[in-house]
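Encoded as structure tokens, the structure appears first; notes follow it.
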Amino acid sequence: MPELPEVETVRRTLLANIIDKKISKVSLYYQGNIRSPKPDLFCELLKNKIFRDIQRRGKFLIFYLSSGLVLIVHLRMTGQLVYLDSRKSLEKHTHLVFSLQGGMDLRYLDIRKFGTFDLLKEEELESFKSLQQLGLEPLSSSFSSQKFKEKARGRGKNLKALLLDQSTVAGIGNIYADEILFKVGFHPEMSTKNLTELNLEQLHRSIVDVLKLGVRYRGTTFRNYVDGEGKYGQFQDLLNVYGRKGEPCFRCGAEIRKTRVAGRGTYYCPQCQPNP
DNA sequence: AGTCAAACCTGGGCGC
DNA sequence: TGCGCCCAGGTTTGAC
């Protein structure tokens, strides 16, 4: 379940390894992840291109390549991008392999096959819908409390839905949404309608703090996540509520509860996050 | 408009 | 042991 901290960690670990490397061969074993262009053309266009830069927007990875091409990848739930020795045998669920000059591979694995790849020209990036729809970038210096207040006001039904809405703030998923709400002490079903200015400021602070901590700990490996070098994250050791149903709250000792909010499994502490 | 469910998939955990 | 069922969740799509 790669969310912002996991995607950022993948970005950083790949950046350290694939920049200025040339793709000598593209091997596609499953076509379903390739959204555009058609799989044959996708492979043909990428051959002999060089990775120049990697950026991130929300949960999207944006690979800048030579000849003005841009590759946009979303890992969805179980996608993995891993840099490793090309002599290693192909693991199960390997769907795409970029053979790089110098005997290394960049491989894409995805158990549930939900991930997406789009290859565009750089000038098409601006009009690419999936990126256009994204809201504020929470770890950028421009993510001020003021901007968050303007964007979030009146959005979504409850706090959980608000945090999961990528068009408000980009990059938060189910795990970090629950952790953000625990940290600020708000119930996930709290209505966004009667949020005060102070509430929004506190929520803004919690978003930044929790996501930064997530990045510092290189993401959360709850099930499948690994970074660009195949390593696990560390943030699962710091989770206060997610996945802790029936266990005692570290802060107050009350039993962590699990419910369903905004269509997602939602964990919270009934005492630290009182029902509104 | 905004809210919700279904669809896309596979694996793991559960009850029987 | 094994079968069937349900659940996990990011995004898009379609229904209400």
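Only heavy atoms go into these numbers, but all of them, side chains included; no hydrogens, no water, no symmetry mates. So you know, we letter chains A, B, ... as the sequences are listed, proteins then strands, and number each from 1. For clarity, every value in this text was computed on a predicted model and none was experimentally measured.
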Pair Y176(A)-E6(A), side-chain donor/acceptor within less than 3.5 Å: yes
Short side-chain N/O contact from R264(A) to OP1 or OP2 of dG10(C), under 4.0 Å: yes
Protein-nucleotide distance (L164(A), atom CG; dG10(C), atom P), rounded to Å: 7 Å
Touch class at under 4.0 angstrom, heavy-atom based, for G32(A) against every strand present: nothing
Phosphate contact (dC8(B) OP1 or OP2) by K113(A) side-chain N/O below 4.0 Å: no
Nearest-angstrom distance, P atom, dA1(B) to dT11(C): 23 Å
Test: K25(A) cationic atom under 6.0 Å from F98(A) six-membered ring centre, within 45° of axis: no
Distance in angstrom units between H93(A) NE2 and dC8(B) P, rounded: 19 Å
Nearest-angstrom distance, P atom, dC3(C) to dC9(B): 24 Å
Cation over ring face, R251(A) and F182(A), 6.0 Å, 45°: yes
5'-to-3' dot-bracket of DNA chain B (Watson-Crick, G-U; under 3.5 angstrom; crossing pairs as [ ]; | other strand): .|||||||.|||||||
N/O (side chain, Q166(A)) to phosphate O (OP1/OP2, dG10(C)) under 4.0 Å: no
Between P of dC7(C) and NZ of K245(A), the distance in whole Å: 11 Å
Check: F114(A) ring centre within less than 6.0 Å of H74(A) ring centre: no
Presence of H74(A) side-chain N/O under 4.0 Å of dG10(C) phosphate oxygens OP1/OP2: no
Aromatic centroids of H95(A) and Y29(A) separated by under 6.0 Å: no
pi-stack flag for F114(A) and dC8(B), centroid dist under 5.5 Å, interplanar under 30°: yes
Rounded distance (Å) that lies between atom C1' of dG10(C) and atom CD1 of I111(A): 16 Å
Atom-pair distance (CG on L75(A); P on dG10(C)), nearest Å: 12 Å
Sugar-phosphate only, base, or nothing, as touched by S130(A) at under 4.0 Å among non-hydrogen atoms: sugar-phosphate
R112(A) CZ to dG10(C) C1', straight-line distance once rounded to whole Å: 10 Å
Integer-rounded Å distance: dA8(C) C1' and D178(A) CG: 13 Å
Residues R107(A), D105(A): salt bridge by 4.0 Å N-O rule: yes
Cationic tip of R244(A) above F250(A) ring, under 6.0 Å, 45° of axis: yes
Sugar-phosphate only, base, or nothing, as touched by K129(A) at under 4.0 Å among non-hydrogen atoms: nothing
Salt bridge R153(A)-E197(A), side-chain N to carboxylate O under 4.0 Å: yes
K59(A) side-chain N/O to dT11(C) phosphate OP1/OP2 under 4.0 Å: yes
Interatomic distance, K258(A) NZ vs dC7(C) P [rounded to whole Å]: 9 Å
Sugar-phosphate only, base, or nothing, as touched by R260(A) at under 4.0 Å among non-hydrogen atoms: sugar-phosphate
